[in-house]
Protein chains: 2
Amino acid sequence: MSHSGYGRLMTTDREQVLESAAALLTRKATATMDEVARAAGISRATLHRLFAGRDTLVRAIEDMSLRRFEEALDAARLDEDEASDALRRLVAEAEPVAGVLAFLITENQLFEAEGMNEGWDRIDDRVSALFRRGQESGEFRIDLTPAWLTDALYGLISSGAWSVQDGRLAAKDFQYMIVELLLGGARRSVKR
Amino acid sequence: MSHSGYGRLMTTDREQVLESAAALLTRKATATMDEVARAAGISRATLHRLFAGRDTLVRAIEDMSLRRFEEALDAARLDEDEASDALRRLVAEAEPVAGVLAFLITENQLFEAEGMNEGWDRIDDRVSALFRRGQESGEFRIDLTPAWLTDALYGLISSGAWSVQDGRLAAKDFQYMIVELLLGGARRSVKR
DNA sequence: CCCGAATGAGACATAGATGTCTCATCCAAT
DNA sequence: ATTGGATGAGACATCTATGTCTCATTCGGG
């Protein structure tokens with residue numbers, strides 16, 4: 001059986017490969033399968049044993065990204081407490097997923113993968129529902145549409161992921177920088 | 001001479017091709033030269049007459065993006081008035097460039113093109129200088145670093161560009177949505 | 001120490017994109 | 001109507017990434 005060491009569901013290898021692949025492909029979408037393998041620290045042969053081909057690999061990244069972000073949505077309990085607190089939890093939960101999520105957001109070649117948009121739509125609904133709830137409770141301003149706030153959140157998460165990857169931002173500041181900007185903005189408010 | 005019609009510097013053709021190419025490659029970075037040509041409404045032969053190859057094309061997109069965004073920086077007069085007003089002008093000037101800029105931001109395969117980072121660094125400096133000026137004048141809060149605000153601005157511009165392309169956001173709302181979120185945030189402020 | 005599974009290295013054929021070419025057609029200016 | 005330049009369509013050779021294979025080596029468990 002060969003347990004190959006530590007952990008979980010033996011999917012550890014796969015997921016680690018998927019993460020490094022996402023990180024690489026986000027920056028260089030035309031990277032070759034050999035570059036992907038090398039970036040993951042494995043050989044091209046092993047990469048092919050894990051994922052049949054490039055399509056399969058990309059699809060696997062998408063699947064993992066969607067699944068893990070949806071898990072983040074669950075863990076954040078978006079319905080509880082004030083909307084701003086829920087948002088804070090969401091960003092915190094999203095931090096470990098930010099890298100792969102950035103790939104998912106930018107690589108919108110999904111429009112071909114049909115079954116994909118379904119899962120993505122469901123996520124969109126949940127996030128924008130959070131913003132709508134915040135508007136209805138009077139916490140959030142109503143001149144910024146939930147759809148835009150959703151897109152903006154994705155953009156900020158991507159920016160945060162890149163900043164962390166490039167070392168311009170510490171991972172521990174990820175949540176604070178995103179949430180503070182998204183909620184409070186850059187302007188120094190007169191009173192809180 | 002064949003003026004091919006309407007104006008400017010006869011670079012109109014090239015720039016239009018570059019814009020549609022950027023729009024396509026942003027969404028599908030693995031798009032084929034034939035797809036790029038078709039998206040631009042020209043034949044693959046003509047595309048090859050305009051740009052020697054794929055590298056040349058990508059490089060041309062990068063060059064144009066940097067140049068036009070730098071022109072936007074110039075036009076925005078970042079040193080004048082309050083920093084928030086300058087930011088407002090910058091986003092407005094950036095709107096027509098948002099599409100190509102999104103390509104430039106995401107496709108960071110620049111790390112190979114050496115002469116490139118130079119121009120990019122210069123832009124980074126100018127933008128973060130604006131945020132720093134706003135902090136020093138007391139307009140902006142100081143707990144969000146200029147570097148992060150710069151990255152966040154890029155992310156929001158990308159999100160805005162995608163939202164406009166997908167029809168979720170009207171181009172005329174581009175400036176407002178970005179600036180209002182970036183400056184004021186989503187939280188309904190108590191006063192002002 | 002031995003065995004079996006997994007991996008890495010490399011060869012190989014294939015497919016698809018690329019770059020170059022030719023030729024017919026179209027369009028604009030004369 | 002004529003002419004010159006530009007374009008589109010397509011053929012073609014080439015090249016590169018891909019996918020499959022084999023074999024030697026390594027590694028971990030028994």
Side-chain angles (χ1 to χ4, degrees), chain A residues 1-63 103 107-109 111-113, chain B residues 1-63 103 107-109 111-113:
Chain A
M1 261 294 156
S2 121
H3 241 250
S4 110
Y6 41 134
R8 265 230 277 225
L9 302 122
M10 107 181 184
T11 63
T12 317
D13 286 349
R14 283 177 64 98
E15 301 233 336
Q16 283 177 345
V17 172
L18 288 179
E19 267 186 67
S20 74
L24 173 60
L25 291 175
T26 302
R27 291 321 181 100
K28 184 174 180 176
T30 60
T32 196
M33 289 293 277
D34 194 84
E35 296 177 278
V36 172
R38 202 157 320 187
I42 62 178
S43 71
R44 198 165 67 94
T46 304
L47 179 60
H48 269 287
R49 286 187 192 104
L50 289 174
F51 306 98
R54 192 195 190 77
D55 318 339
T56 312
L57 174 67
V58 172
R59 182 63 76 92
I61 298 177
E62 293 171 350
D63 287 344
F103 173 83
E107 277 303 299
N108 272 16
Q109 59 193 188
F111 62 87
E112 345 189 8
Chain B
M1 261 291 154
S2 120
H3 241 249
S4 110
Y6 43 135
R8 266 233 276 226
L9 302 124
M10 105 180 185
T11 63
T12 317
D13 285 349
R14 283 178 64 100
E15 301 234 336
Q16 282 178 346
V17 171
L18 287 178
E19 268 187 66
S20 73
L24 174 60
L25 291 175
T26 303
R27 291 321 183 99
K28 184 175 180 176
T30 60
T32 197
M33 289 292 278
D34 195 83
E35 296 177 278
V36 173
R38 202 156 321 185
I42 62 178
S43 70
R44 197 166 66 95
T46 305
L47 179 61
H48 269 285
R49 287 186 191 105
L50 289 173
F51 307 99
R54 191 195 190 77
D55 318 339
T56 311
L57 173 67
V58 172
R59 182 63 76 92
I61 297 177
E62 294 171 348
D63 287 344
F103 174 83
E107 277 304 296
N108 272 19
Q109 59 192 188
F111 63 86
E112 345 189 7

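Throughout, a chain's letter reflects where its sequence line sits, starting with A, and its residues are numbered from 1.
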Notebook entry, point to check: Going through the distances and angles, do B/F51 and B/V58 end up as a side chain to side chain contact (heavy atoms under 4.5 Å, CB included)?
Noted result: CA-CA 9 Å; B/F51 307 99; B/V58 172; over 6 Å; no
Notebook entry, point to check: In chain order, what residues pass the side-chain contact (heavy atoms from CB on, under 4.5 Å) check against A/D63, with sequence neighbours excluded?
Noted result: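 In terms of side-chain contact (heavy atoms from CB on, under 4.5 Å), with neighbours along the sequence ignored, A/D63 is linked to A/R59, A/M116.
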Margin query: Determine whether a donor-acceptor pair (N or O, by modelled atom type, separation under 3.5 Å) exists between the side chain of A/Q16 and the backbone of A/D13.
Written below: no
Please report, rounded to the nearest Å, how far the [atom2] atom of [N] is from the [atom1] atom of [X].
X: B/L47; N: C/dC21; atom1: CG; atom2: P; answer: 17 Å
X: B/D13; N: C/dC27; atom1: CG; atom2: P; answer: 16 Å
X: A/R49; N: C/dA5; atom1: CZ; atom2: C1'; answer: 11 Å
X: A/R38; N: C/dT7; atom1: CZ; atom2: C1'; answer: 15 Å

Next item on the list: Between B/E35 and A/L50, name the one whose nearest nucleotide on DNA chain C is closer to the 5' end.
Entry: A/L50
Note to self: Under the criterion side chain to side chain contact (heavy atoms under 4.5 Å, CB included), I'd like the reasoning laid out for A/R44 against A/V36: C-alpha separation, chi angles, the key distance, then a yes or no.
What the structure shows: CA-CA 8 Å; A/R44 198 165 67 94; A/V36 172; over 6 Å; no
Next item on the list: Output the distance between atom CD1 (A/I42) and atom CG (A/L47), rounded to the nearest 0.5 Å.
Entry: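 A/I42 CD1 to A/L47 CG: 5.0 Å, rounded to 0.5 Å.
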Look for any protein N or O under 3.5 Å of an N or O in nucleotides 14-18 of chain D and output each such pair with its distance, or none.
residue: D/dT18; atom: OP1; partner: A/R54; partner atom: NH1; Å: 2.9
residue: D/dT18; atom: OP2; partner: A/T32; partner atom: OG1; Å: 2.6
residue: D/dT18; atom: OP2; partner: A/M33; partner atom: N; Å: 2.8

Notebook entry, point to check: Between B/T46 and B/R49, is any pair of side-chain heavy atoms under 4.5 Å apart?
Noted result: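 Yes, their side chains come closer than 4.5 Å.
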Notebook entry, point to check: Reckon A/S43 has a side-chain N or O less than 4.0 Å from the OP1 or OP2 of C/dT7?
Noted result: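 Checking A/S43 against C/dT7: no side-chain N or O falls below 4.0 Å of OP1 or OP2.
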